[in-house]
Novice: 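So that we are looking at the same thing, I have put the structure below in structure tokens.
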Amino acid sequence: MATRNPPASSSNSLRQDLIEKAHRIGTTVVGPAADAVDREARFPHESFAALRQERMLGAFIPQEFGGQGCSISDLAAICTTLGQYCASTAMVYAMHQIQIGCLVRHGQSAPFHRAMLSQLAEKEELLASATTEVGIGGDVRSSVCAVEVQGGRISLTKQAPVISYGAYADHILVTARRAPDAATSDQVIVLVQKADTRLEQTGTWDTMGMRGTCSLGYLLTATGSAEQVLPQPYAEISAQTMLPFSHIVWTSLWLGIATDAVNRARAYIRGEARKKPGTTPPGALRLAEVMAILQTMRATVEDGTREYERLMHDPEALSGIGFAIRMNNLKIAGSQLAVEIVGRALQVCGITGYRNDSKYSLTRHLRDAYGTGLMVANDRIYGHNASLLLVHKDE
Amino acid sequence: MDEIIRQVVGEHARLATDVSTLGDDADLYQAGMTSHASVNLMLALEDRFDVEFPERMLRRRAFESIAAIRAAIEELTGSRPTTSG
């Protein structure tokens, strides 16, 4: 059963405080490091040191465990803010919060996971996830690997084509079949701890964009105790939390990429206008156009977040087909709008935006934006919706 | 009705185990039914029983077992003793 966050979660002052901190960290640390993170395809260490110092990693953990008990819309706002400075940092932060969300909402009935929530809040530890697997054709809702139990101890071996920032995480949430004789779709989530986990690198991460997420492939082998398995089936955790959380925090950070692209376009046009006072620069019309699309994107993201917040504590509604389709559409729309907005902002800035060495450069934004429709490919999501629409009746 | 439900489940749920070995309350998802297969099962049940599952029934839980499917269909058909199919 999904667990309710304390009511303090939607406090406006907490939201303001979190956003101000994200902007401060963004201006002083995340933004200045973004080009190096991108160029070197390295983990944004300095960003996470700063986020830890401001206790931002445990923001969603309820106060009774030592966190700040913020809401999903607060997390979305933080992701949008960070996304304006460095999409890789924002993506790592977002992926971490998806795992935190799963523990907060589905782990509170289990002593191990309650203790883990306190530890995460106290030490500001970073969570990664290993959901995709070699041999399942990208379908995260089926697993080849299985949890093997022997004398109360479990072991697990997974060929993971991607574990984003796996090398830098303190713990990893791994999906696997419930038991060696379980069906491929009968999955659970296991929280494995770094000390008990071996990651043998099997792949590299040298991509067009989102380079700082360090999403390398690994052969993961882990041991632990049986209580590290989350009590609910993965299918329920996925429908009620992992999928909606993912699509909300991802589209929120993509909104951040788009927002910064438009901000750069605005700054460029202002500069042009100052050169010839009294005339409106020709690109200003294009800027007006892209602003309208940015507003559409913001509304789309906020609407999706609100819809989830409204239904968050209604597991029945969250497991319905209508909700799944809506959350899928949020991801598709967010990714398409991000690419469109950054592309239009580039048209506004022209060759100045095309340069890598100008303050109006949009090359990193554009490269990062193109990843949005490819990570969990939109065609795959359209395929799911096409199937669900066969039985869905819009009421 | 159970026989027909079991037949449709056997044809469309793509279980990893034989449906005849499952009890009425056995979890079909644990038996290997994917969400994609559950959509096909819903469509086949709609066709076979000449019903339409309303949006409120399009939940994971409504199709999780033979018993749950029977309850859903009985609710839609007003518990009339069903049809030979």
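Naming: A, B, ... by sequence-line order, numbering from 1 per chain. Not measured: the values here are computed from a predicted model.
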Novice: Check whether more than 12 heavy atoms from other residues, nucleotides or ligands sit under 6.0 Å from atom CZ of R14(B), and answer yes or no.
Specialist: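 12 or below, so no.
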Novice: For M57(B), is it the side chain, the backbone, both or neither that has a heavy atom under 4.5 Å from a heavy atom of chain A?
Specialist: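 Neither; nothing under 4.5 Å.
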Novice: Quick one: what part of A31(B) sits under 4.5 Å from any heavy atom of chain A, side chain, backbone, both or neither?
Specialist: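 The backbone, not the side chain.
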Novice: Using heavy-atom distances under 4.5 Å, tell me whether F53(B) contacts chain A through its side chain, its backbone, both, or neither.
Specialist: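 It is both, since atoms from each part get that close.
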Novice: Most heavy-atom pairs under 4.5 angstrom with chain B, which of S185(A), A324(A), A183(A)?
Specialist: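 Sorted descending by pairs with chain B, the first entry is S185(A).
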Novice: Can you tell me which of I321(A), D139(A), L390(A) forms the most heavy-atom pairs within a distance under 4.5 Å of chain B?
Specialist: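 Option with the greatest count: I321(A).
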Novice: Heavy-atom cut-off 4.5 Å, strictly under: side chain, backbone, both or neither for T184(A) against chain B?
Specialist: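 T184(A) has no heavy atom closer than 4.5 Å to chain B.
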Novice: CE of M42(B) to NE2 of H392(A): how many Å apart, nearest 0.5 Å?
Specialist: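 The distance works out to 12.0 Å.
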Novice: Name, in order of residue number, those residues of residues 376-388 of chain A that have a heavy atom at a distance of less than 4.5 Å from a heavy atom in chain B; otherwise write 'none'.
Specialist: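 Residues in range: S387(A), L388(A).
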Novice: Between R178(A) and chain B, with a heavy-atom cut-off of 4.5 Å, which part of the residue counts as in contact: side chain, backbone, both or neither?
Specialist: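 It is the side chain, since no backbone atom gets that close.
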Novice: To the nearest 0.5 Å, what is the distance between CD (E236(A)) and CZ (R60(B))?
Specialist: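 So the gap between those two atoms works out to 6.0 Å.
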Novice: Which heavy atom of G322(A) sits nearest a heavy atom of E55(B), and at what distance?
Specialist: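 Closest pair (atom of G322(A), atom of E55(B), distance): N-OE2, 3.1 Å.
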